[in-house]
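Worksheet for the structure shown next.
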Amino acid sequence: MRSASRQRRGHRAATLIALASALALAGCAAGPDYRRPDAPTGTAFREAAGWQSARPADDAIRADWWRAYADPELDALMARLDIGNQNLAAADAALRQSRALSTQARAALWPAIGVSSSAQRSRSSSVTGSSQNSNSGGVRSSYSVALDASWEVDLWGRLRRAYEGVQANVQASAADLENARLSARAQLATDFLQLRVVDAQKRLYADTVAAYERSLTIVRNQYAAGTVARADVVQAETQLQSARAQAIDLDVTRSQLEHSLAVLIGVPPSELRIAPYAGAVATADAGAPAGSAQLGSDAAPSPEATLAGPQLPPLPVAFPASLLERRPDIAAEERRMATANAQIGVSEAAWFPALTLSASSGFSAGLLGDLFTAPARTWALGPALAGTLIDGGTRRGAIEQSRAAYDQQVATYRQTVLGGLQEVEDNLAALRVLADEARVQSEATASARLAAQLVLNQYKAGTVGYLSVLTAQTTALVNERASLTLEGRRLAAHVALVKALGGGWEVPRERLASAGKP
């Protein structure tokens with residue numbers, strides 16, 4: 001009796017030792033631990049030389065960066081974009097899918113417990129071989145209820161690597177959502193500011209048409225007095241009608257910008273109407289030298305008015321390496337590298353056998369009334385070890401595929417970093433060059449206005465022909481519109497630089513603290 005008890009205790013001890021050994025081995029994981037590869041960031045932006053830093057110093061762009069443009073209607077559209085934009089809705093759904101897959105992968109690390117029951121009635125054959133059995137086939141009933149449990153011991157880290165990969169994929173999906181939000185906001189801000197530029201151009205043409213109408217009245221009066229030829233009247237009429245036609249043409253661009261804004265906030269284009277703007281239009285003055293041309297005016301604009309509007313504070317431009325934490329698209333590609341790295345471990349773990357611990361306890365009887373009695377009780381307990389000996393190179397090919405996929409993702413990540421650096425350099429250069437161009441264009445516009453006024457006075461005095469007036473006024477209009485177009489380009493470059501710098505987003509600090517850890 002004692003020997004049987006000692007034997008049972010020995011079996012239990014052996015089982016515990018085996019389980020402890022399995023758990024100790026489970027601390028190891030196949031495949032390389034993830035370390036973020038180096039990226040070609042450089043030490044500084046070349047085009048940022050002489051860039052004026054924000055005052056007071058600020059090392060990050062605010063999350064609501066578009067409020068710097070000081071337009072309440074833009075703020076309202078941004079709020080509607082977060083709710084109605086369908087690209088954001090799709091990215092959010094992709095994130096929820098990734099989280100659900102992560103839940104599934106995490107569940108595989110734990111034991112699975114299930115319950116089963118069955119009731120069966122069967123009849124066996126009464127014929128065996130070529131002779132008839134003396135006993136007729138009987139009809140039998142069987143009933144069973146069982147509680148089953150199974151657990152795959154993750155000896156080689158296959159399940160943990162798979163979970164590690166899906167966790168990184170969840171973070172990549174979250175960064176994709178932020179990138180979609182940043183792109184949509186940047187597009188909305190660009191389209192909205194360009195619409196304001198078109199409104200400024202329409203106001204310019206409205207004042208220009210009024211000025212041309214006054215000039216036509218002067219010419220007609222002089223023609224009636226017999227001091228000028230009929231040709232001067234025709235030229236003035238042609239100039240006026242041409243300006244009206246160009247003003248009408250702006251409606252095409254404005255309508256298309258309105259339609260684009262409607263789609264961005266998730267409404268049919270027919271349901272969005274943005275009233276023409278009569279106030280000042282924000283300007284891109286990020287690092288621009290003092291005295292450069294600005295867009296908009298507190299008073300009603302005219303061809304003689306100075307284009308001036310509120311100035312924006314300079315954008316903070318840090319070191320290139322900061323883009324790795326400030327751009328969501330770069331962060332997403334970095335997380336996909338972690339996913340690809342984890343897949344290498346999953347593939348390498350296939351070389352080793354899988355250990356599964358299973359247990360079952362229940363009741364089985366031929367009569368329903370005997371089902372839950374002591375004699376009907378059944379149980380089973382034991383491990384199962386399964387592995388593949390020969391597979392013709394399937395596992396080797398899977399490992400090579402995983403490593404190649406990781407190398408591909410590393411190249412994609414580095415290319416994304418390079419592309420981000422290019423976007424910053426491009427827009428820094430654009431703002432610097434456009435600021436210089438705006439200063440020169442402002443001088444040219446002022447000279448053109450003065451020349452048009454002087455030539456018109458000379459025409460009234462009878463010292464020059466109307467062709468000189470026509471040429472001077474056309475030159476002034478071209479320069480006025482060039483100034484507005486230039487300011488539109490500066491605004492677009494300013495928004496693009498905000499986007500290139502990652503907006504107000506950065507990698508969550510808790511993930512930075514665990515970067516590079518398995």
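In this text the structure is predicted, and so the values were computed from the model without any measurement.
- Thr238 places a side-chain N or O within donor-acceptor distance of the main-chain N or O of Val234, the cut-off being under 3.5 Å.
- Of the possible donor and acceptor atoms, none in the side chain of Glu423 sits under 3.5 Å from a partner among the backbone N and O of Ala496.
- Glu348 places no side-chain N or O within donor-acceptor distance of the main-chain N or O of Ala30, the cut-off being under 3.5 Å.
- Look at Arg196 and Glu487 and you find no salt bridge, because none of the NZ, NE, NH1 or NH2 atoms lies under 4.0 Å from a carboxylate O.
- The backbone N or O of Thr217 sits less than 3.5 Å from a side-chain atom of Asn221, completing a donor-acceptor pair.
- Between the Asn179 side chain and the Pro328 main chain, no donor and acceptor come within less than 3.5 Å of each other.
- Between the side chain of Ser442 and the backbone N or O of Ala438 there is no donor-acceptor pair closer than 3.5 Å.
- Judged purely by atom type and a 3.5 angstrom limit, Thr103 uses its side chain to pair as donor or acceptor with the backbone of Arg99.
- Without hydrogens or angle criteria, Gln441 side chain to Asn479 main chain gives a donor-acceptor distance under 3.5 Å.
- Judged purely by atom type and a 3.5 angstrom limit, Ser102 has no side-chain atom pairing as donor or acceptor with the backbone of Ser98.
- Nearest heavy-atom pair across Ser483 and Thr445 is OG-OG1, 2.7 Å.
- Of the charged side-chain nitrogens involved, none lies within less than 4.0 Å of a carboxylate oxygen, so that Asp199 and Lys202 do not count as a salt-bridged pair.
- A salt bridge is defined here as a Lys NZ or Arg NE, NH1 or NH2 lying under 4.0 Å from an Asp or Glu carboxylate O, and Arg161 with Glu164 meets this definition.
- Checked for salt-bridge contact, Glu334 and Arg414 miss the test: no charged N lies under 4.0 Å from a carboxylate O.
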